[in-house]
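Residue numbers start from 1 in every chain, and the chains themselves are labelled A, B, ... in the order their sequence lines are given, proteins ahead of strands. All heavy atoms count here, side chains included; hydrogens, waters and symmetry mates do not.
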Amino acid sequence: MPRGTLRTGADLNNRYNERRRTMDFAPTTLIKNLKESQLGSIVTIGGWLRTRRDSKGGFSFLEINDGSQFKGIQVVADQELGNYDELTKTYTGASLKVEGELVPSPGQGQPFEIKATSVEILGNTDQSYVLQKGRVSLEKLREVAHLRGRTNVIGATMRVRNQLSKATHDFFTGNDFLYLHTPIITSSDCEGAGQMFQVSTLDLENPPKNDLGGIDYSQDFFGRKTHLSVSGQLNAEAYACGMGRIYTFGPTFRAENSNTSRHLAEFWMVEPEAAFFTLNENTQLAAAYLRYCFKHLLDTCQDDIDFFNLRVDKGLRARLEGLVDAEYKCITYTEAVDLLLKAGKKFEFPVLWGSDLQSEHERYLCEEVFNGPVTVIDYPKEIKAFYMKLNDDGKTVRAMDVLCPHIGEIIGGAEREDRLDVLESRMAQHDLDPADYAWFLDLRRYGSVPHAGFGLGFERLVQFCTGMGNIRDVIPFPRTPKNASF
RNA sequence: UCCUGCGUAGCUCAAUGGUAGAGUAGGUGACUGUUAAUCACUUGGUUGUUGGUUCGAGUCCAACCGCAGGAGCCA
């Protein structure tokens, strides 16, 4: 670049991208980045031993995986190596750093392999290491959550999780939604829904008392009672009503004593909120987001999806592919009730307009009627939150749930009530104190706009995209009742 | 929280109320460009905990602990 030339943003960007791509300071090459074009050259990889097959011909096959992709790499270690004897005493799980030539593989099962010039044993394992070659149940793996990332199934799950996270940010930022960080500690009794974890620095053994004999929270850290957030929605609404389109993506906490395969005490939630969106655009936003996620996964996680399709859920790939282009069915709650009544099927719980859809009802709708996700809108106001916009019929609200086969509700959302007087009367019906929601009401008092949004349970999306049956296996370290290990 | 089921070798699982078994991993040996390698031999157990019934309990009963599936709540 000649002296005196102004460096443009594009120049800086190109230079930055070059550097980012090369990562030339890294001590090892990731297995996923080993390419045919490197045949004949010396490469260095690091990873964990999956199996070792010794040959009395004087060499061993080491199958090494580094987590960067589903498939590992086969390393051929010859007895000429100085530490060969030591190598034949390494076990599954041993950490190795291998330098050698990338060569075409004469054997079946892999296009190339590494002919080692050195194998450094960084750490061996012994018989007490749980992850031996044989099958280990998912239940057992939960007991060793700190090690389970070394397995095929959890590794694949976390790679899918990572790509779904990337797809989430790509989709929303790519559509001009601003990524907003909402607080984790909150004082609003958010929605009155769900038990909350209390946050306090008071001495639990001997808390300060007020005049009425209750605990004096004015002496607590925040000078009031506080909790971990059960949703960033109210805060999200505030910024949407000023910055237009925003989304949050972060941890959320529910202290419900739920012991099921689809509930966690700590989970991640994606919550977009958009000004001027009505329920109609909200449902389309949800469908567009899901479609984007499925397409992105099929493009970026082929081997992992193939694994799930083969070992976990036979129809997974076809289902995801089908959903990339499919129209997403949308029906009203009233239509859903009619479908259930006409089903001619005996349900354990009766179908009754006005009561919430039971799990068996939701499953019937998406597994037997629509054979895929289905969006249900316009629920009776009595069974939904106070902030959802009242329809003109005075009986239903502009709520939407996206129901998925096997998992149930993956998305819950609504167009928000933007009329101050209606919102106040709805809060009164729910016995909520307006003083607690003063700032939330301000959004309607000053420059109110129609707006809508939804919350997506990120782990449930990962479940849906992997076929994994238990939500505890799609988050690295699950938090559930009676379990906060690791 | 409720209902149902389960808890046996490092792991995956057997075992009519009557001597605790297999596969796999580990060990030893054989064999081999192998790939869930193969073959032979072999180490390994306070049957979740506590109490009860019985001549005798892994097995039957009770309580507790833990886990799973389903339900409720929800995302």
Side-chain angles (χ1 to χ4, degrees), chain A residues 50-64 71-78 89 91-93 103-110 113 115 125-144 151-152 191-195 230-233 251-271 286 311 348-349 355-363 383-385 401-404 406-413 454-464 469-475 480-483 485:
Chain A
R50 285 292 178 81
T51 62
R52 194 194 72 241
R53 295 179 288 272
D54 297 329
S55 164
K56 277 296 182 302
F59 51 93
S60 295
F61 299 100
L62 311 175
E63 196 179 315
I64 295 175
K71 286 178 191 142
I73 183 104
Q74 175 164 283
V75 171
V76 182
D78 195 88
K89 295 190 182 69
Y91 306 107
T92 299
V103 296
S105 177
Q108 301 285 310
Q110 60 279 323
E113 63 193 23
K115 186 160 173 41
T125 63
D126 58 41
Q127 221 189 324
S128 64
Y129 186 65
V130 178
L131 305 179
Q132 299 296 343
K133 236 183 293 185
R135 291 208 182 100
V136 179
S137 66
L138 290 169
E139 292 82 359
K140 177 59 69 176
L141 289 180
R142 276 170 224 150
E143 296 172 16
V144 288
T151 63
N152 280 339
E191 311 167 34
Q195 300 264 18
V230 295
S231 165
Q233 183 200 314
T252 304
F253 308 87
R254 304 270 168 99
E256 289 288 347
N257 190 12
S258 296
N259 293 288
T260 80
S261 56
R262 50 189 194 284
H263 288 87
L264 290 166
E266 177 181 297
F267 65 100
W268 285 62
M269 191 147 64
V270 179
E271 295 179 285
R311 292 291 173 84
E348 192 185 338
F349 293 89
S355 62
D356 211 351
L357 299 178
Q358 302 290 316
S359 282
E360 55 173 345
H361 303 147
E362 296 180 350
R363 293 184 66 159
I383 57 174
K384 288 294 180 184
D401 284 357
V402 177
L403 311 176
C404 278
H406 308 296
I407 295 165
E409 187 179 343
I410 193 170
I411 287 178
F454 62 79
L456 169 131
F458 188 64
E459 283 74 21
R460 290 187 181 174
L461 179 64
V462 181
Q463 274 189 283
F464 185 75
N470 196 309
I471 201 165
R472 295 168 187 125
D473 300 324
V474 301
I475 189 168
T480 51
K482 298 276 182 335
N483 181 15
S485 304

### Query
Yes or no on salt bridge (Lys or Arg N to Asp or Glu O under 4.0 Å) for A/Glu409 and A/Arg460, after CA distance, side-chain angles and deciding distance?
CA-CA 9 Å; A/Glu409 187 179 343; A/Arg460 290 187 181 174; 5.6 Å; no
Touch check for [X], heavy atoms < 4.0 angstrom, all strands: base, sugar-phosphate only, or nothing?
X	result
A/Ser261	sugar-phosphate
A/Gly455	sugar-phosphate
A/Ile411	sugar-phosphate
A/Gln463	nothing
A/Asn259	base
A/Ser359	sugar-phosphate

### Query
Do A/Thr151 and A/Val136 have side-chain heavy atoms sitting under 4.5 Å apart?
no
### Message
Return whichever of A/Gly109 or A/Phe349 has its heavy-atom-nearest nucleotide of RNA chain B closer to the 5' end.
### Response
A/Gly109
Report, one pair per line, the protein and nucleotides 9-13 of chain B atoms (nitrogen or oxygen only) whose separation is under 3.5 Å.
from  : atom 1 : to       : atom 2 : distance (Å)
B/C11 : OP1    : A/Lys140 : NZ     : 2.8
B/C11 : O2'    : A/Arg135 : O      : 2.8
B/U12 : OP1    : A/Ser137 : OG     : 2.7

### side chain to side chain contact (heavy atoms under 4.5 Å, CB included) between A/Asn257 and A/Asn259, worked out
CA-CA 6 Å; A/Asn257 190 12; A/Asn259 293 288; 3.3 Å; yes
### Query
Between A/Thr92 and B/A25, is there a side-chain N or O to OP1/OP2 distance below 4.0 Å?
no
### Task
Could you tell me whether the side chain of A/Gln110 has a donor or acceptor atom within less than 3.5 Å of a complementary atom in the base of B/U34?
yes
Looking only at side-chain atoms of [X], point me to the closest of [options].
X	options	value
A/Arg472	B/C67, B/G33, B/A68	B/A68
A/Arg142	B/C67, B/U34, B/G72	B/C67
A/Arg254	B/C74, B/G33, B/U34	B/C74

